[in-house]
Amino acid sequence: MTASQENKTTRRRAPGMSPEQRREMIIQTAIPLIAEYGATVTTAKIARAAGIGEGTIFRVFADKDELLQACVAKALSPEHAVRELDSIDVSQPLSDRLAEAAEALQAHMDRLGAIIGSLGHGGGKHPGTVRGAGRAESTTRVRAALAELLEPDKAALRRPPEQIAALFIGLLFTQPRTEDEPDLTPQELVEVFLHGALSGSAE
């Protein structure tokens with residue numbers, strides 16, 4: 001083979017992924033499939049969606065259970081939610097900042113709920129090794145990022161930003177559902193949080 005032919009062959013060959021990059025790619029592909037099919041999703045289906053051979057999955061994961069646990073760990077990870085919170089413009093009014101934060105956090109919890117719910121309903125065992133420390137760390141990091149959003153209004157708050165952040169998260173994720181009333185929008189939830197249950201027209 002001439003040097004010219006060798007160079008052409010090299011250019012045609014796609015750069016290889018590191019094991020960590022391959023793991024991440026497989027996890028990102030698997031998460032929406034797990035949300036849809038639960039624990040019954042096959043590694044063959046995941047491989048097809050990722051455009052790889054099924055054997056490639058088992059080069060970076062010991063078995064399907066390890067892959068499922070990695071996907072739950074990724075869903076529990078606060079990284080995406082924290083980035084969303086950090087990107088919110090702190091020069092906006094507090095109510096606007098909190099409304100954006102509510103939307104970002106609801107999206108994070110919806111994603112996590114889809115994964116956990118699908119695995120639970122699919123008959124798979126819940127990956128308990130991920131549940132404890134992962135959830136606590138996620139909550140702590142999200143609360144710290146939210147407290148940063150509250151910091152510009154620290155002097156006007158009844159309590160320290162960290163405590164207000166914890167209260168807001170609690171309201172956001174435990175708002176009661178009723179059959180005949182729609183959920184509060186992020187803006188409505190923020191209004192109730194900041195100003196209480198009375199409407200502006202109430203005496």
Side-chain angles (χ1 to χ4, degrees), residues 20-43 45-52 57 60-61 63-89 96-150 165-177 182-190 193:
E20 271 309 307
Q21 289 172 324
R22 197 169 294 283
R23 275 179 65 94
E24 183 65 20
M25 181 270 289
I26 293 170
I27 289 169
Q28 292 292 356
T29 302
I31 282 177
L33 293 173
I34 293 170
E36 183 175 355
Y37 298 103
T40 63
V41 67
T42 64
T43 51
K45 185 183 288 289
I46 293 169
R48 280 196 301 275
I52 58 176
I57 291 177
V60 289
F61 295 99
D63 52 30
K64 180 179 163 182
D65 279 348
E66 184 180 306
L67 172 56
L68 293 179
Q69 287 211 9
C71 290
V72 173
K74 187 70 176 180
L76 277 171
S77 169
E79 296 298 334
H80 182 72
V82 169
R83 280 198 303 271
E84 289 285 309
L85 294 177
D86 287 345
S87 71
I88 295 172
D89 183 1
D96 292 342
R97 274 177 272 150
L98 285 178
E100 283 193 41
E103 290 177 4
L105 294 177
Q106 283 177 334
H108 172 65
M109 290 306 293
D110 287 347
R111 183 180 188 224
L112 175 57
I115 295 293
I116 298 297
S118 293
L119 287 177
H121 295 140
K125 62 181 180 180
H126 191 286
T129 55
V130 177
R131 193 173 190 173
R135 191 178 294 274
E137 179 190 356
S138 177
T139 302
T140 298
R141 292 190 57 196
V142 167
R143 186 169 62 237
L146 185 57
E148 284 293 318
L149 278 181
L150 295 166
L167 288 169
F168 184 70
I169 291 170
L171 176 62
L172 181 63
F173 296 142
T174 59
Q175 60 168 310
R177 267 62 178 175
D183 290 348
L184 295 176
T185 66
Q187 290 77 14
E188 289 171 336
L189 185 138
V190 168
F193 182 73

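As a basis for the values below, the full set of heavy atoms in this structure was taken, side chains included, without hydrogen atoms, waters or symmetry mates.
Residues passing the salt bridge (Lys or Arg N to Asp or Glu O under 4.0 Å) test with Arg48, sequence neighbours excluded: none.
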Stepwise side-chain contact (heavy atoms from CB on, under 4.5 Å) test for Leu85 and Leu105: CA-CA 8 Å; Leu85 294 177; Leu105 294 177; 4.1 Å; yes
Verdict with reasoning, Leu67 to Ile46, per side-chain contact (heavy atoms from CB on, under 4.5 Å): CA-CA 10 Å; Leu67 172 56; Ile46 293 169; 3.7 Å; yes
Derivation and outcome, salt bridge (charged side-chain N to carboxylate O under 4.0 Å, His left out), residues Glu79 and Lys74: CA-CA 9 Å; Glu79 296 298 334; Lys74 187 70 176 180; over 6 Å; no
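Val72 has its side chain within reach of Ile116: a pair of non-hydrogen atoms, C-beta onward, lies under 4.5 Å apart. Residues His108 and Glu84 form no side-chain contact, since every pair of their non-hydrogen atoms from C-beta on lies 4.5 Å or further apart. Annotation: side chain of Phe193 is in contact with side chain of Leu167 (closest heavy-atom distance under 4.5 Å). Contact annotation: the side chain of Leu184 never approaches that of Val190 to less than 4.5 Å [non-hydrogen atoms, C-beta and beyond]. Between Leu146 and Leu98 the shortest side-chain heavy-atom distance falls below 4.5 Å. By the 4.5 Å heavy-atom criterion applied to side chains, Arg22 and Ile57 are not counted as neighbours.
Summarising the geometry, atom OG1 belonging to Thr43 is positioned 7.0 Å from atom NZ belonging to Lys64; distances are rounded to the nearest 0.5 Å. One finds the CZ atom of Phe61 at 4.0 Å from the CZ atom of Arg23 (value rounded to the nearest 0.5 Å). Separating the CD atom in Gln187 from the CG atom in Asp96 is a distance of 8.5 Å, to the nearest 0.5 Å.
Under 4.0 Å is where a charged nitrogen must lie from a carboxylate oxygen, and between Arg143 and Glu148 no such pair does.
Contact detail for Ala99 and Pro186: the closest heavy-atom pair is O-CB, 3.8 Å. In terms of heavy-atom proximity, Ala39 sits nearest to Leu68 at CB-CD1, 4.3 Å. The shortest heavy-atom contact between Val142 and Pro78 is CG2-CB, 3.9 Å. When all heavy atoms of Val82 and Arg141 are compared, the closest pair comes out as CG2-O, 4.0 Å. Heavy-atom minimum distance, Val41 versus Tyr37: CB-CB, 3.9 Å.
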Show the atom names and distances, to 0.1 Å, of all donor-acceptor pairs under 3.5 Å that link a side chain in residues 25-36 to residues at least two apart or in another chain.
residue : atom : partner : partner atom : Å
Gln28   : NE2  : Glu24   : OE2          : 2.9
Thr29   : OG1  : Met25   : O            : 2.9

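Here salt bridge (Lys or Arg N to Asp or Glu O under 4.0 Å) pairs that include residues 101-118, with residues two or more places apart or in two chains, number zero.
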